Chemist: 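My questions will all concern the structure given below.
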There are 2 protein chains.
Amino acid sequence: MGAGRPRAFDVDEALDRALEVFWRQGYEGTALSDLTAAMGISRPSLYAAYGNKEALFRKVLDRYLDGPGGYLRQALLAPTARAVAEELLRGAIRATTAEGRPRGCLVVQSALATGEDAAPVRRHVRAHRRASQAALRERLERARAEGDLPPDADTAALARYLWTTVYGLSVQAAGGAAREDLERVAELALSTWPS
Amino acid sequence: MGAGRPRAFDVDEALDRALEVFWRQGYEGTALSDLTAAMGISRPSLYAAYGNKEALFRKVLDRYLDGPGGYLRQALLAPTARAVAEELLRGAIRATTAEGRPRGCLVVQSALATGEDAAPVRRHVRAHRRASQAALRERLERARAEGDLPPDADTAALARYLWTTVYGLSVQAAGGAAREDLERVAELALSTWPS
DNA sequence: GAAGTACTATACCGATCGGTACGAAACGAG
DNA sequence: CTCGTTTCGTACCGATCGGTATAGTACTTC
């Protein structure tokens, strides 16, 4: 039994091209013809390798989180709550205003409001946002337990506040805001941090 | 010369139905069939009354800003910079979490990332966001001139910070966050305000 | 080399997209 | 009642949507 004709493209590399398109145009704004053109493969190859448009998007989202959108994971490793907050905001700014990459955050702008057909995708990215918020809250709870935050700190509210700022920064970045301007915003946002 | 057959629907009322759909589904996620179904009119009636999909969206956006999205205009009238900031955030929360209305902000979620066809719409809402930011900055400059803000206050950064928070709150609201939770976020955001 | 297998490109599918032609219907003016 | 005008519903337009059938091609194994 032979092993078949080898794939003529790199699956992960093509995934990066698809990421770029979904990131820039959103889920509903991206047609299969946009994807195949950017990925340099034919439609049947796309379906064979990734399933369908929705499945491809989910794979793209996973790859985004392992790559340019991985600033949360990075930030959670910081030693103090304050450092976590700083890393999160600075990482978000870096990711949403990187040179040669689409502006903004895939998780925010790819499927924030959609028609009925894309509702599963909308719920998927929403679930991811919620999970990220919960992960940050848990990290802040640990920080509180370690005496790194005041005993009466509202970790849920702080996590929500930080993510609210990240989302806002992402919208600003999508609108073309300059990186230095966003860094000033992050400074202001952090100046409210409990010490 | 006669006056012709009278229109069988109310133009503004139908516009409100269209607003609801664009607000919930975004520009690209909304099909003409969604619009005509919600507005209770036929396709040619829509084109005769509003132009085309893009022109209808622009009319919808104007109506949004005169209605549920009019919290900026309201906030700018507040007597002090601090009151303007409070009004802006509380107004945004009210608008993005109103009962019986779509969650989130039309200006944020209707065309944040789009395909090429919807690029004019994306630029249009982006231009509106920028104008709103400029209007707030001018209001804060006046406040500074009136001694309402410290002489060295960075009004541009403060305006950007406030709008960043509004955008973030809008994303949170679109994701289903509870109003009370967002009010806690707004409190935190305002605690950094210069006095 | 033959057989079996997995990928490739072309060409196509029904459905839906945004937009419109057309004739009937409902009005005011004469 | 007729005419000019405007809106109405139906039925349609070409283009594009997401997704697939089919047949050929490139590879490994025997």
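Residue numbers start from 1 in every chain, and the chains themselves are labelled A, B, ... in the order their sequence lines are given, proteins ahead of strands. No experiment lies behind these values; they were computed from the predicted model shown.
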Chemist: Would you say Val121(A) and Leu112(A) are hydrophobically clustered, going by side-chain heavy atoms of ILVMFWY under 4.5 Å?
Modeler: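 Not linked; separate clusters.
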Chemist: With heavy atoms under 4.0 Å as the rule, sort Ala49(B) into base, sugar-phosphate or nothing.
Modeler: nothing
Chemist: How close or far is atom C1' of dA25(C) from atom CZ of Arg7(B), stated in whole angstroms?
Modeler: 16 Å
Chemist: Is it true that Glu138(A) and Arg142(A) have a side-chain N and a carboxylate O under 4.0 angstrom from each other?
Modeler: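 Salt bridge between Glu138(A) and Arg142(A), a charged N being under 4.0 Å from a carboxylate O: no.
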Chemist: In whole angstrom, what separates Tyr50(A)'s OH from dA6(C)'s C1'?
Modeler: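 Tyr50(A) atom OH is separated from dA6(C) atom C1' by 16 Å.
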Chemist: Strictly below 4.0 Å: does Ser33(A) bring a side-chain N or O up to OP1 or OP2 of dT16(D)?
Modeler: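 Answer no for this pair, as no side-chain N or O of Ser33(A) is under 4.0 Å from OP1 or OP2.
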Chemist: Report yes or no: do Arg137(B) and Thr155(B) form a side-chain donor-acceptor pair below 3.5 Å?
Modeler: no
Chemist: Side chain of Arg43(B), heavy atoms from C-beta onward: which of dT10(D), dT20(C), dG19(D) has the nearest atom to it?
Modeler: dT20(C)
Chemist: May I ask you to say what Pro44(A) touches in the nucleic acid, namely base, sugar-phosphate or nothing, with a heavy-atom cut-off under 4.0 Å?
Modeler: base
Chemist: On DNA chain C, compare the nucleotides closest to Thr30(B) and Ala48(A); which residue's is nearer the 5' end?
Modeler: Ala48(A)
Chemist: OP1 or OP2 of dT8(C) versus the side-chain N and O atoms of Ser42(A): is any pair under 4.0 Å?
Modeler: no
Chemist: What nucleotide, of dG18(C), dA26(C), dG9(D), holds the atom closest to the side chain of Lys53(B)?
Modeler: dG18(C)
Chemist: Would you say the side-chain atoms of Thr36(B) and Ser33(B) include a donor-acceptor pair closer than 3.5 Å?
Modeler: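 Ser33(B) and Thr36(B) do not have a side-chain donor-acceptor pair below 3.5 Å.
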Chemist: Find the distance Asp34(B):CG to dG19(C):C1' and express it as a whole number of Å.
Modeler: 16 Å
Chemist: Given dT8(C), dG19(D), dC27(D), which nucleotide is nearest the side-chain atoms of Leu32(A)?
Modeler: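 Shortest atom-to-atom distance from the side chain points to dG19(D).
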Chemist: For dT25(D) and Arg5(A) - does any side-chain N or O of the residue sit under 4.0 Å from the phosphate oxygens OP1/OP2?
Modeler: no
Chemist: To the nearest Å, how far apart are Asp117(B) CG and dC17(C) C1'?
Modeler: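 Rounded to whole Å, this separation is 10 Å.
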Chemist: Hey, does the side chain of Asn52(A) come within less than 4.0 Å of dG18(D)'s phosphate (OP1/OP2), counting only N and O?
Modeler: no
Chemist: Between Phe22(A) (CZ) and dG18(D) (P), how many Å, whole number?
Modeler: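 These atoms are roughly 9 Å apart.
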Chemist: Establish, with yes or no, whether the OP1 or OP2 oxygen of dC8(D) is under 4.0 angstrom from a side-chain nitrogen or oxygen of Ser45(B).
Modeler: yes
Chemist: Within this structure, what is the OH-to-P distance between Tyr47(B) and dG9(D), rounded to whole angstrom?
Modeler: 16 Å
Chemist: In whole Å, what is the span from the CG atom of Leu46(B) to the C1' atom of dT7(D)?
Modeler: 14 Å
Chemist: Between P on dG18(C) and CD on Glu28(A), what's the gap in Å once rounded to a whole number?
Modeler: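 Rounding to the nearest Å, CD of Glu28(A) and P of dG18(C) are 11 Å apart.
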Chemist: If you check every side-chain atom of Pro6(A), which of dG18(D), dC27(D), dT8(C) has the closest atom?
Modeler: dC27(D)
Chemist: Side chain of Asp34(B), backbone of Ala31(B): donor and acceptor closer than 3.5 Å?
Modeler: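 Judged by distance alone, yes, a pair lies under 3.5 Å.
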